[in-house]
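Numbers here are sequence positions counted from 1.
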Amino acid sequence: MKILTSDQMKNIDRRAIEQFLIPSIVLMENAALAVVDAIAAHHSAADEVAIFCGLGQNGGDGFAVARHLENRGVTPLVFVVGERSKVTGDAGVNLRICERLGLPVYEITGSDSLTEALARTMGCDLIVDAIFGTGLNRALTGLHEETVRGLGGLPIPVLAIDIPSGLQASNWNVEEPVLRAQITVTFAQPKLAHVFEPAALECGEVIVADISIPRAAVDAEGVTLSLITSEELRPLFPARESATHKGTYGHVAIVGGSEGRSGAAVLGARGALRTGAGLVTVLTDRETARIVDGHSVESMTRAIRVSKDGLSEALSLVEDKSALLIGPGLADNDDSYQFVRDFLSATTVPAVIDASALNAFAGKIDAINPQGLPRVITPHPGELGRLLGLKAGDVNADRLATAREAARLSRCVIVLKGHQTIVADPDGELFVNPTGNPGMATGGMGDILGGVIAALIARGVDVLSAACAGVYLHGSAGDILMEATSDTGLTALDVANMIPAAIERLRRGM
């Protein structure tokens with residue numbers, strides 16, 4: 001699902017109307033029906049609804065909503081913010097229909113009429129915000145500012161049409177005032193302000209409604225930013241067939257762990273196993289292997305020397321594996337870093353590169369994958385900063401642009417971890433993950449994620465799809481755990497154990 005700017009949405013609308021010959025009033029009608037359906041689903045007990053309409057197309061949606069509510073037995077009160085004589089085009093058609101139906105339509109042209117409108121609204125069960133749509137590109141002033149502040153002070157839930165009035169669709173900044181909504185019904189595709197905070201916090205639950213804009217009209221815009229959705233991932237997780245065995249689901253090799261860091265290798269193995277890898281083998285030093293053996297009984301271990309002397313043996317142990325995860329728990333020292341660089345320069349096994357393996361390439365991001373092999377790197381902002389010679393704050397200042405540039409330089413798929421994890425591929429495509437919660441801000445979560453992505457690659461999923469599916473499943477597992485317990489005290493191992501439930505939830509479209 002694409003994430004759009006206001007201009008991109010305008011272009012798509014124009015393409016639908018001019019190229020595909022869909023009348024604009026049909027799009028308005030479909031939008032209104034989607035809003036009315038949302039009201040029926042979320043506010044079925046509402047008997048009286050106040051609809052505040054602007055003078056443009058968003059107001060037209062509101063007028064159309066009013067007449068459909070009337071037909072469904074709900075009493076609509078329509079308020080025009082401005083002079084109704086200035087409402088033209090499709091919006092004017094719907095306003096005239098409301099007038100012919102005898103619906104109550106009130107003008108708000110100043111402070112006195114606004115006070116009256118707010119008083120009338122106090123008896124309503126719901127406010128529908130149809131004042132400004134996604135075309136707004138400035139802070140509200142004058143009568144619009146007064147209206148939004150007045151409505152925001154009422155103890156009545158708000159449903160916004162397309163976007164809460166006061167937000168600017170093309171960015172995620174908030175310039176007060178904004179009419180905060182409990183539900184926002186937007187059309188065709190989400191916009192930047194619906195997805196990214198702090199603007200997204202003003203939108204409440206976002207419903208993306210299909211209003212019959214052709215997919216081809218969206219694709220022609222060439223948008224490179226997408227939201228990861230369960231609908232697009234579901235085909236990657238068919239039910240298992242009876243005539244399969246452990247070899248069907250791939251063999252993951254994990255190179256990780258060291259003194260004091262054995263848990264990272266265990267968690268990587270757990271993430272891979274819970275995602276359905278048929279076999280998992282952990283390659284680590286002899287002392288760490290004993291600990292991993294005792295804590296990951298379903299996986300295998302092989303003792304190696306993480307040094308120049310052990311390189312040849314380690315390479316021979318992974319050459320027949322389906323996927324590789326390297327880095328979780330490896331020592332942060334020069335010998336380990338040199339081993340990682342030599343190892344990755346010599347293997348062609350599809351790889352997930354994480355944690356200390358990333359530190360081996362600090363300041364040398366273009367050396368990670370000069371051959372352009374199937375590789376995913378999974379840095380948090382600090383690790384990506386070290387790769388690029390930046391501070392973590394610089395990375396977080398523009399996560400989208402930084403992830404895109406890092407993917408280009410590294411020739412890898414990038415998973416930039418954090419709130420709303422970003423996945424970027426070397427061709428410039430960006431994907432935003434909507435799952436996960438603050439309870440997952442604990443140690444070991446990234447190790448689990450590395451194992452999840454490696455398991456998907458081992459099954460034959462391409463690295464970009466594996467990265468997108470991996471971050472979605474990982475976050476969804478955390479969400480399921482939080483729903484069952486709390487947002488506090490979640491552990492990485494508990495999240496890993498919820499991955500099968502997350503897969504089943506995805507399959508069922510829940």
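When side chains are defined from C-beta on, Ile213 counts as touching Leu27, because their heavy atoms get closer than 4.5 Å. Contact annotation: the side chain of Cys412 approaches that of Ile368 to within less than 4.5 Å [non-hydrogen atoms, C-beta and beyond]. Val423 is not listed as a side-chain neighbour of Ile414, based on a closest heavy-atom distance of 4.5 Å or more.
Classification of Arg261 and Asp332 as a salt-bridged pair holds, one side-chain N sitting under 4.0 Å from a carboxylate O. Taking a cutoff of 4.0 Å between a charged side-chain nitrogen and a carboxylate oxygen, Arg505 and Glu483 qualify as a salt bridge. Salt bridge Glu221/Arg15: present, at least one basic N to carboxylate O contact under 4.0 Å.
In terms of modelled atom types and a separation under 3.5 Å, the side chain of Ser226 and the main chain of Phe431 share no donor-acceptor contact. Formation of a donor-acceptor pair under 3.5 Å by the Arg399 side chain with backbone atoms of Lys417 is found in this model. Ser322 places no side-chain N or O within donor-acceptor distance of the main-chain N or O of Gly250, the cut-off being under 3.5 Å.
A cation-pi arrangement, defined by a distance under 6.0 Å to the six-membered ring centre and an angle within 45 degrees of its axis, is present between Arg240 and Tyr249.
Between the side chains of Ser336 and Asn333, no donor-acceptor pair is found at a separation under 3.5 Å. Checking Thr378 against Asp354 by side-chain atom types alone, a donor-acceptor pair falls below 3.5 Å.
Residue Arg234 places its CZ atom among more than 12 non-hydrogen atoms of other residues, nucleotides or ligands, all under 6.0 Å distant.
Applying the salt bridge (Lys or Arg N to Asp or Glu O under 4.0 Å) test to Glu205 and every residue at least two apart in sequence or in another chain returns nothing.
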